[in-house]
2 protein chains.
Amino acid sequence: MSQRRVTIVEIAKEAGVSAQTVSRVVNGRTNVAPETRDKIQEIIDRRGYHPSRLARSLLRGRSHTVGVVGYGLGLFGPSYTLAGIVREANKEGYSVLPNMSNEPEIEDPARIIGELIEYHVDGIIWAVPEIGNNHDWIETVVPEQDIPFVFLSMENRPNLTTVAIDNYAGGQMATQHLIDKGHRRIGLLKGPSDWWEARERARGWYDTMQANGLTVDENLVLQGDDWSAAAGERCMRELLEKEREIDAVFVGNDSMAIGALKTAREFGLKVPDDIAVLGFDDVPEAAYIYPSLTTVQQNLTSLGCRALSELDRLINVDDADWPSSGEAIVIQPQLIVRESA
Amino acid sequence: MSQRRVTIVEIAKEAGVSAQTVSRVVNGRTNVAPETRDKIQEIIDRRGYHPSRLARSLLRGRSHTVGVVGYGLGLFGPSYTLAGIVREANKEGYSVLPNMSNEPEIEDPARIIGELIEYHVDGIIWAVPEIGNNHDWIETVVPEQDIPFVFLSMENRPNLTTVAIDNYAGGQMATQHLIDKGHRRIGLLKGPSDWWEARERARGWYDTMQANGLTVDENLVLQGDDWSAAAGERCMRELLEKEREIDAVFVGNDSMAIGALKTAREFGLKVPDDIAVLGFDDVPEAAYIYPSLTTVQQNLTSLGCRALSELDRLINVDDADWPSSGEAIVIQPQLIVRESA
DNA sequence: CTTTCCAGTTCACTGGTTACA
DNA sequence: TTGTAACCAGTGAACTGGAAA
């Protein structure tokens, strides 16, 4: 790098005033003589001076930065969620420090939190989905921290603020729609059931089937190894091989549903006439594939927005009210009816 | 927030040594007595001390943070690219400060750069695609900065480091594949042509058609308003309405191609027998839709990785060699043959 | 007796802000 | 209206006092 950055002292020297006066101009304080202010402002613009947020954060004890820990940037869900967080962050004057892993199993949460703390983040959004017991560390680690946390896509726990899509309701509305359309033997191709979200969606199917007096048969239920189209393809094949009577399936997410559609084609089944397929997510392609996919839309961008605004609220609560008692924020999904069901 | 963060002075006080000694332990310096080191380390662990990167960055003049300016988090391309950047950043010990806009037309690049400079970023990756003249500011603004820049997905310019997929070669290999398969009347559904990438892909089609002595007719070329499936659907409809003789199309990206497939179905055309369709991107669904999509794969994750490692190199060049002369790094795409062509 | 090494301290400094004069 | 001093959290450089070469 060529030269050092322009500092407040350099500006002050050039203007023939103290650094303090420059600081006042930068922060829009009133107690500066108009002509002094104009002169200083001119020098600031000309020299391209930018105050250091590092120095400022250090002094004020607020960095206006939030950490986001997540999994799977590049996947539909995480990237939309992050987009929502970033958008809201810009609006609220925060910068985002993302720490996205490639594995949903975060090996050492305390280390990641420690790293973010080194950056003086004002708060942390934990956007790693709840899988198996990958959230067990929370009880011991989080209470020790002096910054607020918001958790995404996990089951609510006492004293924690969580923001999640209502996956259970989504499963219910999907299943009810299939039933309303006259389907009776409805299969379930669920996501990996160590995922909380997969279990919730499955529970929605299960309860709705029972509430409507329909057979809830273990033969109707298959589970993907992951959420991929390949998994959906395999599950669907297995299901169709043993259950030719089936007339509809509720699939854990759209990728799997796309795989399931492929299998249905290969079996010579017409969707939705021979078998209806209903997904979850509403990926951008869902409206354009053949047949277009009926699905449960989850508004992940607004999930991210909500997480950030909630974190902002927690950051600004009075010390006296700390730690906060936590809150479970639930966002309702929406059924999007297209051709496949 | 409840209590203040633990500082080096507190640790020092508890250990009965100076802050400097603690600093040495934290930084793994050798000139500390083993028993002193152990004692200090124990206190650090127990108190959960994390050194402040803010203070450290301020002092050392290096923040180990890079700014990433991009457009359209949530879209396939940008999120994969960012994923690559973040992955490589973790490996190289950088943190990423993303500044993702919702519009590809950045209204005030200087302001965004200024903001990142306030955070003392060591360098900036500009991942906004080149559209119209949205990169004109570069010539005047960039030379004034004392941190290095790497630009993604733009035409190379003198003294600038750029990393881009070889879209022209991608267009060539796509078109050549269609020709090799016996297609002769090959249409082009290009992306919005104010995008540099769209023009490059189109140029690959054009040159390859000519090189093979095929008709390059303006009637064969249609342009999407954007890169969406809806745009692909519309273009394909318009093309088929005026050119029933067409036997293949090269489409600007996979989303548009998915839209084009939908239109082909609606016209009762069989893909690839009546008309072949070839996309660009290789989105995850491409292998699973019907018919599975032959496409040009661009490895965006490695694009992001490469951008970061190049930026790292620029950050570490000697001051004497600054400013660097720039370099055009080109990443080759790859043809993925499936059913649609 | 001088030089070097060692463990550790003191001081100045990073870039800015708050309190006070 | 403006300046001065202290401070945020940490680090590089110079330095201290004593032991070993």
Side-chain angles (χ1 to χ4, degrees), chain A residues 1 3-41 43-44 47-65 114-115 117-122 146, chain B residues 1 3-41 43-44 47-65 114-115 117-122 146:
Chain A
M1 277 137 283
Q3 72 265 37
R4 310 201 47 66
R5 58 186 294 133
V6 185
T7 72
I8 199 169
V9 177
E10 288 174 57
I11 303 294
K13 207 168 281 173
E14 187 167 338
V17 297
S18 73
Q20 182 50 229
T21 307
V22 178
S23 172
R24 286 186 181 119
V25 173
V26 169
N27 292 286
R29 300 287 148 74
T30 51
N31 47 352
V32 183
E35 59 267 33
T36 315
R37 147 166 280 120
D38 292 348
K39 184 173 158 194
I40 292 173
Q41 190 60 56
I43 298 172
I44 288 174
R47 297 288 302 274
Y49 166 69
H50 288 277
S52 160
R53 295 218 190 196
L54 266 46
R56 197 179 266 175
S57 300
L58 205 50
L59 213 42
R60 300 221 248 240
R62 272 286 297 275
S63 68
H64 290 276
T65 302
E115 236 172 72
I117 300 247
E118 293 183 7
Y119 280 101
H120 292 227
V121 294
D122 294 334
D146 13 283
Chain B
M1 276 138 283
Q3 73 264 37
R4 308 200 48 66
R5 59 185 293 133
V6 184
T7 72
I8 199 170
V9 176
E10 287 175 56
I11 304 295
K13 206 168 281 174
E14 188 167 339
V17 298
S18 74
Q20 183 55 231
T21 305
V22 178
S23 173
R24 283 187 182 133
V25 173
V26 170
N27 292 286
R29 299 286 149 74
T30 49
N31 46 353
V32 183
E35 59 268 32
T36 315
R37 147 165 282 119
D38 291 349
K39 184 174 159 194
I40 292 174
Q41 190 60 56
I43 297 172
I44 287 175
R47 298 288 302 274
Y49 166 69
H50 288 277
S52 161
R53 297 219 188 193
L54 266 46
R56 197 180 266 174
S57 300
L58 205 50
L59 210 43
R60 298 223 250 239
R62 274 285 298 274
S63 66
H64 289 275
T65 302
E115 235 171 72
I117 300 253
E118 292 182 7
Y119 279 101
H120 293 227
V121 294
D122 294 334
D146 16 278

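The figures here come from the full heavy-atom set of this structure, side chains too, leaving out hydrogens, waters and symmetry mates. The sequence lines fix the lettering, A, B, ..., with proteins before strands; numbering per chain opens at 1.
- Phosphate proximity of dG8(C) to N31(B): absent, as no side-chain N or O sits under 4.0 Å from OP1 or OP2.
- Ion pair R56(B)/E118(A) not flagged as a salt bridge, since none of the NZ, NE, NH1 or NH2 atoms sits closer than 4.0 Å to an Asp/Glu carboxylate oxygen.
- Between dT11(D), dG8(C), dA9(D), one nucleotide has an atom nearer to the side chain of T21(B) than all others, and that is dG8(C).
- Backbone-only engagement by T7(B) is indicated by non-hydrogen atom pairs under 4.0 Å involving sugar-phosphate atoms exclusively.
- S18(B) comes within 4.0 angstrom of a nucleotide base, judged by non-hydrogen atoms across all strands.
- Here dT11(D) presents its C1' atom at 8 Å from CD1 of I8(B), a figure rounded to the nearest Å.
- Here dG16(C) presents its P atom at 10 Å from CD1 of I44(A), a figure rounded to the nearest Å.
- Between R60(A) and dT18(C) there is a side-chain polar atom (N or O) within less than 4.0 angstrom of OP1 or OP2.
- The CD atom of E35(B) sits 9 Å away from the P atom of dA7(C) (whole-angstrom rounding).
- Between dG16(C) and Y49(A), a contact under 4.0 Å exists linking OP1 or OP2 to a side-chain N or O.
- Residue S23(B) has no polar side-chain atom (N or O) positioned under 4.0 Å from OP1 or OP2 of dG10(D).
- Rounded to an integer number of Å, the gap from CD1 of I40(B) to P of dA7(C) is 12 Å.
- Taking atom CG on L59(B) and atom C1' on dT11(D), their separation rounds to 4 Å, with Å as the unit.
- In this structure, Y119(B) and R53(A) approach most closely via the heavy-atom pair OH-NH1, 3.3 Å.
- Salt bridge status for D146(A) with R5(B): absent, with no side-chain N to carboxylate O gap under 4.0 Å.
- Look at NZ on K39(B): it is 16 Å from P on dA7(C), rounded to the nearest Å.
- Looking only at side-chain heavy atoms (C-beta outward), R24(B) and R37(B) stay at 4.5 Å or farther from each other.
- For dG10(D), its base never sits under 3.5 Å from the side chain of Q20(B) at any donor and acceptor pair.
- The distance between atom CG of N27(A) and atom C1' of dG16(C), rounded to the nearest whole Å, is 9 Å.
- Between H120(A) and L58(A), the closest side-chain pair of non-hydrogen atoms falls below 4.5 Å.
- Residue R24(A) is in base contact, counting any heavy-atom pair closer than 4.0 Å across all strands shown.
- Taking only side-chain nitrogens and oxygens, R56(A) never comes nearer than 4.0 Å to OP1 or OP2 of dG16(C).
- Listed pair S57(B) / dT14(C) fails the phosphate criterion, with no side-chain N or O lying under 4.0 Å from OP1 or OP2.
- Counting any heavy atom pair closer than 4.0 Å across all strands shown, R29(A) reaches sugar-phosphate atoms only and no base atom.
- Going from atom CZ of R5(B) over to atom C1' of dG10(D) covers 11 Å, rounded to whole Å.
- For the pair V9(A) and T36(B), nearest-nucleotide mapping onto DNA chain C gives the more 5' position to T36(B).
- Contact annotation for V17(A): backbone-only contact, meaning every heavy-atom pair under 4.0 Å involves sugar-phosphate atoms and none involves a base.
- For A33(A), whose side chain is taken as the heavy atoms from C-beta onward, the closest listed nucleotide among dT1(D), dG8(C), dC7(D) is dT1(D).
- With dC13(C), dT9(C), dG15(C) as the choices, the nucleotide that has an atom nearest any side-chain atom of S52(A) turns out to be dG15(C).
- Here R47(A) contributes atom CZ and T7(A) contributes atom OG1; the two are 8.5 Å apart, rounded to the nearest 0.5 Å.
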